[in-house]
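Take a look at the structure set out below.
Residue numbering restarts at 1 for every chain, and letters A, B, ... go by the order of the sequence lines.
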Amino acid sequence: MTTLPDKPTIDGLEAKWRARWEADGTYRFDRTKRRDEVFSIDTPPPTVSGNLHPGHVFSYTHTDLVARYQRMRGKEVFYPMGWDDNGLNVERRVQLLTGTIVDPTLPYDPDFTRPEKVDKKARPVPISRPNFIELCEEVVPEFEAAYHDLWATLGLSVDWEHTYTTIGPKATRTSQRAFLRLVRDGLAFRAESPTLWDVDMRTAVAQAELTDKELPGAYHKLRFTGPGGEALLIDTTRPELLPACVAVVAHPDDERYQPLFGKTATTPLFKVEVPIVAHELADPEKGTGIAMICTFGDTTDVTWWRELSLPVRAIVQRDGRLRPVTWGDEGWESTDPAAAQAAYDELAGKTVKQAQARIVELLAEAGAMEGEPRPITHAVKFWENGTRPLEIVTSQQWFIKYPPKDVLLARGKELQWWPDFMRVRYENWVNGLMGDWNITRQRFFGVPFPVWYPIDEDGVVDHLSPILADEASLPVDPTTDVPPGYDESQRNQPGGFAADPDVMDTWATSSLTPQIVCGWEDDPDLFECTFPMDMRPQAHEIIRTWLFSTVVRSHYLHDTLPWRNAAISGFIVDPDRKKLSKSAGNMPDDPVTLIARHGADAVRYWSANGRPGMDMTFDEGQMKIGRRLAIKLLNASKFALGLGEPAAGAGISVPIDRSMLVRLADLVDEATRAFDGFDYARALERTEAHFWSFCDDYLELVKNRAYSEGPGAESAKAALRLALETLLKLFAPFLPYVTEEVWSWWQEGSIHRSSWPEAAPLRDAAGAGDPEVLNVAAEVLGEIRRAKSEAKRSMRTPVATVVVRDAAARLAALEQALDDVRSAGVVDELTVAEADGFAVEVTLGDEPPKG
RNA sequence: GGGCGCGUAGCUCAGCUGGUUAGAGCGCUGCCUUCACACGGCAGAGGCCAGGGGUUCGAGUCCCUUCGCGCCCACCA
């Protein structure tokens, strides 16, 4: 039964079909399927602390295109959605939004309620850690709701019964269990180690979260005293670390310093004797070719310190200020402790920056600095969201050991990358790995370590002998739960236990998204039919974090890749190739507004034009084209279906109808091939081009015949319905709303649960169809149109005569479509003549009578 | 410093393993209110394919090189 609207519109389709799909469970995962019948997707959980951004729409649409294609190919698609509500960003956003700050020394206040209105200028209200976590749990769902609404309106075919968060109990349990397994296997361990440290957030930061910023600095030439009392000049950009100097270093091949290796130099001001050592990382070209090693100025210092077995003389505290030191104590020997103390007292308590200013004055007064500081610009390491340079402090942290590089590189080769060249980023990262993965964060809102530490009878906490939680008890929070064999009264008591106060790095949990969504050990049946997963879609800037760490965890837990395919999306840039951002002032309207303005199908159309891995320009013009395409689909469908159903058993007998179907079969092959290679953009482009010529040429050519009666009309109607069904299906992944709407006019069920078109049945229906028939007919019709257009006449203008000159084969093709061409062109007499080239002579007839 | 990607009409982009006069859409110009569509339709103008070498019968397509843009990585004292 075909029911056509009088005036079809795309307005309101989102609300209508979104509700219907939800009610019908159109995208619900059927967990009774076998693994080989399933296509499972490791959805990127959006960071709910962020603002909705057009870039989100872009990349999430790409995933949905693949999901919809696979579903129509007959796969049961496992397409969950997560919310990343774990980590520093959420913590900070909640702090700002609620005007609070955590003071871990405060007790829980059961009467605390969220302030109604937040004065951004006022001092944040200090609250306890449990109160803050409650606040987060209250606020985060508000963020999530905004995303859920956007995704559903955009038409993501997500199964909303499979959602997860990266901090909820499920994720926490998975994360803690995976952590305990690593501890058990000796792959996660606790150690005291120099750690990159953000002095404002007062937390450790991992290598993956680093970013470089160009900052002004200055070389200061310091006068050390060599072994023979001679001056030894050393350039440094960090003179304030002079008291932390533990050695000076030059390249082993540097002839200037070779005689000094093994001897000692004496630091200015503090009069500390430090060894003169050799190491290849010292660059003879840089400064004076000899550098001071401090604990710790940068990661090179850490390398030197480790490889040369140097002592620690740390001065920078976790708050970024210099700590008090008593010179003369063990480890702080000086040939003149009184002078050292006097100089250091000038620095203690100051920030790094203040200390630098002061020590430069002291050095100048002591005549220990050659010349003036020479300003330079150099790259300094920052936490990616930080405001001050990172320092390196020594502290106790949990680390995960990385697998050997060759193992990691082999995993990278095993994985299918779309596009393939993105593998290089992974390999670059693996090759640059240093040390182990520090997963400890000194924060409040995160997955806690399921660990306590014993306290001996003297009240000393043994941080190197952790008490692990039972797996069966997970998830646990060590600050409120009690370790096995203890009771609450022993908390923080001699002979008792102390909770691990820290939380895990957000990637330590996000790296387990496949395990979380597939129900690792919690839901073995689900895991069986979904893992290893088929596809990880994600952005290229988090290859080194999310992708990499997920590979590591899956390697350890399951000795397999977490997924077969990594589909990497680009991001959105403005026409000047600048990344869109609020600060750059080039941020377009938010996605909800864009969808309201252009329609979800139109916004998806724009997104679908971005090929995997390619950055794309934000362009509302493309959305307008998408909207036009959707409307055209409605109208063309209305026309094709409005002709009525073909008579039962009607054959597709007319050559041009068969010709159209042959070309359509080729299109199906091409679109299918493109989709199999994750090239949805190509599939769309080909389908779209085909559709426009289908409308402009084929529909025009067959229109009059289709309106008539007889076998010709029946052939046209049958061909049109077959073509329409095929085209709707090819468009369905891109334009889910309009295709579903048209589908509902004449078909049962959802188009999104129908089967992807196949070329073979089309070729069967086309029989010995020749694609050239439609090609030549369209070209001739084009020439007739041109003649009318150039004469500035209406397309309805009758044509007295048309003479087509062309090669014999093409004329033969044209002969098979002669009636349709004549009818569409309103031609009285059409004759053909053999010739070498294609030429059409058109003689227009009289103007039709007006009125 | 190492690497990856991009540079095709005013704009956004196709052009897959090299093959006839380089494609689409938008924008622009002109025409047409045709019985699916004015949220239309038809047609037109517009390009030394970033520059320079080379391989080849033939290069936007392959090789070398220069320039510009973007990004990733790096032990920048």
Side-chain angles (χ1 to χ4, degrees), chain A residues 4 7-11 212 214 217 219 234-238 241 248-249 279-283 286-294 297-304 376-381 419 421-432 434 540-541 543-544 570-571 573 575-579 599 606 609-611 613-619 621-622 624-625 627-643 670 673-674 677 679 681-682 685-686 688-689 692 695-696 699-700 703 707 782 784-797 826 848:
Chain A
L4 298 179
K7 184 87 178 154
T9 173
I10 62 168
D11 296 326
D212 285 351
E214 289 288 334
Y219 273 120
I234 294 182
D235 272 320
T236 179
T237 56
R238 309 251 351 229
L241 294 179
V248 295
V249 63
H279 195 279
E280 313 78 56
L281 285 185
D283 183 353
K286 209 159 275 175
T288 56
I290 185 162
M292 65 177 192
I293 303 175
C294 304
D298 60 26
T299 51
T300 319
D301 278 343
V302 176
T303 308
W304 280 328
I376 54 159
T377 302
H378 60 160
V380 178
K381 289 194 191 310
F421 65 77
M422 286 294 176
R423 177 186 287 107
V424 176
R425 304 209 173 187
Y426 171 91
E427 290 173 346
N428 276 348
W429 175 249
V430 169
N431 284 321
M434 288 190 301
H540 56 62
E541 69 260 36
I543 288 175
R544 67 170 174 174
F571 50 66
V573 295
D576 297 326
R577 306 254 154 231
K578 298 274 188 306
K579 209 167 170 174
W606 160 71
N609 279 298
R611 309 180 112 73
M614 295 297 181
D615 295 345
M616 206 177 68
T617 314
F618 178 79
D619 187 0
Q622 290 295 317
K624 290 186 184 145
I625 298 165
R627 184 181 174 86
R628 205 170 64 117
L629 174 63
I631 293 169
K632 188 79 173 176
L633 211 41
L634 286 177
N635 286 311
S637 302
K638 184 186 162 199
F639 166 72
L641 297 172
L643 295 165
E670 194 173 3
R673 218 178 308 123
D679 196 354
R682 185 180 183 83
E685 184 215 317
R686 303 308 306 151
E688 189 188 3
W692 283 109
C695 291
D696 295 346
L699 285 187
E700 292 304 323
K703 188 181 269 183
Y707 278 133
I784 295 169
R785 283 177 184 147
R786 196 213 318 254
K788 293 179 180 177
S789 210
E790 282 173 356
K792 299 190 191 266
R793 303 280 287 274
S794 151
M795 289 299 136
R796 237 179 177 176
T797 307
V826 202

A:Thr617 (side chain) donor-acceptor with A:Asp619 (main chain) under 3.5 angstrom: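 Not at all, since once roles are kept as given, no pair shorter than 3.5 Å links the two residues.
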
Whole angstrom is fine here: how far is it from [atom1] in [X] over to [atom2] in [N]?
X	N	atom1	atom2	result
A:Lys703	B:C37	NZ	P	8 Å
A:Phe639	B:C37	CZ	C1'	11 Å
A:Met422	B:G5	CE	P	10 Å
A:Arg796	B:C32	CZ	P	13 Å
A:Met616	B:C11	CE	P	17 Å
A:Ile234	B:A77	CD1	P	15 Å
A:Glu427	B:G3	CD	P	14 Å
A:Ile543	B:G5	CD1	C1'	12 Å

Both distances below 3.5 Å, Watson-Crick or wobble geometry, any strand: find the nucleotide opposite [N].
N	answer
B:C6	B:G68
B:C75	none
B:C42	B:G30
B:A24	B:U12

Pairing residues for A:Phe571 by the ring-ring contact (aromatic ring centres under 6.0 Å, His included) criterion, not counting sequence neighbours: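 A:Phe571: ring-ring contact (aromatic ring centres under 6.0 Å, His included) contacts with A:His540.
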
ring-ring contact (aromatic ring centres under 6.0 Å, His included) against A:Phe639, all qualifying residues, sequence neighbours excluded: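 In terms of ring-ring contact (aromatic ring centres under 6.0 Å, His included), with neighbours along the sequence ignored, A:Phe639 is linked to no residue.
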
Under the side-chain contact (heavy atoms from CB on, under 4.5 Å) rule, collect the residues that match up with [X], sequence neighbours excluded.
X	result
A:Val380	A:Leu215, A:His378, A:Phe382, A:Pro389
A:Thr288	A:Lys221, A:Leu233, A:Asp235, A:Tyr257, A:Ile290
A:Ala636	A:Phe691, A:Cys695, A:Leu699
A:Lys624	A:His598

N/O-N/O pairs, protein side and nucleotides 40-43 of chain B side, under 3.5 Å:
{"unit_1": "B:G41", "atom_1": "OP1", "unit_2": "A:Lys632", "atom_2": "NZ", "d": "3.1"}
{"unit_1": "B:G41", "atom_1": "OP2", "unit_2": "A:Arg628", "atom_2": "NH1", "d": "3.1"}
{"unit_1": "B:C42", "atom_1": "OP1", "unit_2": "A:Asp696", "atom_2": "OD1", "d": "2.7"}
{"unit_1": "B:C42", "atom_1": "OP1", "unit_2": "A:Asp696", "atom_2": "OD2", "d": "3.0"}
{"unit_1": "B:C42", "atom_1": "O2", "unit_2": "A:Ser789", "atom_2": "OG", "d": "3.4"}
{"unit_1": "B:A43", "atom_1": "O4'", "unit_2": "A:Ser789", "atom_2": "OG", "d": "3.4"}

Closest to the A:Ser794 side chain, choosing from B:C75, B:A77, B:C32: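 Per side-chain heavy atoms of A:Ser794, the pick is B:C32.
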
Using a cut-off of 4.0 Å on non-hydrogen atoms, how would the nucleic acid contact of [X] be classed: base, sugar-phosphate, or nothing?
X	result
A:Ala689	nothing
A:Lys286	base
A:Ala640	nothing
A:Lys624	nothing
A:Thr237	sugar-phosphate

Pairs flagged by salt bridge (charged side-chain N to carboxylate O under 4.0 Å, His left out) wherever residues 627-642 of chain A is involved - sequence neighbours left out: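 Qualifying pairs: A:Asp11-A:Arg627.
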
Beyond-backbone contact of A:Val826 with A:Thr797, side-chain heavy atoms, under 4.5 angstrom: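 When only atoms from C-beta onward are counted, A:Thr797 and A:Val826 do not touch, as no gap falls below 4.5 Å.
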
Side chain proximity check, A:Ile293 to A:His279, heavy atoms < 4.5 angstrom: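 Not in contact.
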
Per-nucleotide protein contact string for nucleotides 14-24 of chain B (B base, S sugar-phosphate only, - none; heavy atom under 4.0 Å): SSB--------

Under 4.0 Å protein heavy-atom contacts per nucleotide of nucleotides 67-74 of chain B, with B for base, S for backbone only and - for none: --SSSBSS

Most 5' of A:Gly289 and A:Lys792 on RNA chain B, judged by nearest nucleotide: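 Whichever sits nearer the 5' end wins; that is A:Lys792.
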
5′-ward residue of the pair A:Phe421/A:Ala636 relative to RNA chain B: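 With A:Phe421 and A:Ala636 compared, the 5'-side residue is A:Phe421.
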
Residues forming a salt bridge (charged side-chain N to carboxylate O under 4.0 Å, His left out) with A:Arg682, sequence neighbours excluded: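 With sequence neighbours excluded, A:Arg682 shows a salt bridge (charged side-chain N to carboxylate O under 4.0 Å, His left out) to A:Glu670, given in chain and number order.
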
Criterion side chain to side chain contact (heavy atoms under 4.5 Å, CB included) on A:Arg544 and A:Arg425, from CA distance to verdict: CA-CA 8 Å; A:Arg544 67 170 174 174; A:Arg425 304 209 173 187; over 6 Å; no

Minimum heavy-atom distance A:Ala282-A:Trp304, with the two atoms named: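 For A:Ala282 and A:Trp304, the tightest heavy-atom pair comes out as N-CZ2, 3.8 Å.
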
In whole angstrom, give me the gap between the [atom1] atoms of [N] and [M].
N	M	atom1	result
B:G46	B:G23	P	14 Å
B:U66	B:C4	P	14 Å
B:A45	B:G30	C1'	10 Å
B:G58	B:C69	C1'	32 Å
B:A22	B:C32	P	32 Å
B:U33	B:C39	C1'	15 Å
B:U12	B:U21	P	29 Å
B:G41	B:A9	C1'	24 Å

side-chain N/O A:Lys7 vs B:A38 OP1/OP2, d < 4.0 Å: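 Yes, A:Lys7 has a side-chain N/O under 4.0 Å of OP1/OP2 on B:A38.
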
Test side-chain hydrogen bond (donor to acceptor under 3.5 Å, both in side chains) applied to A:Glu688 - qualifying residues, sequence neighbours left out: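 Checked A:Glu688 against side-chain hydrogen bond (donor to acceptor under 3.5 Å, both in side chains); matches are A:Tyr605.
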
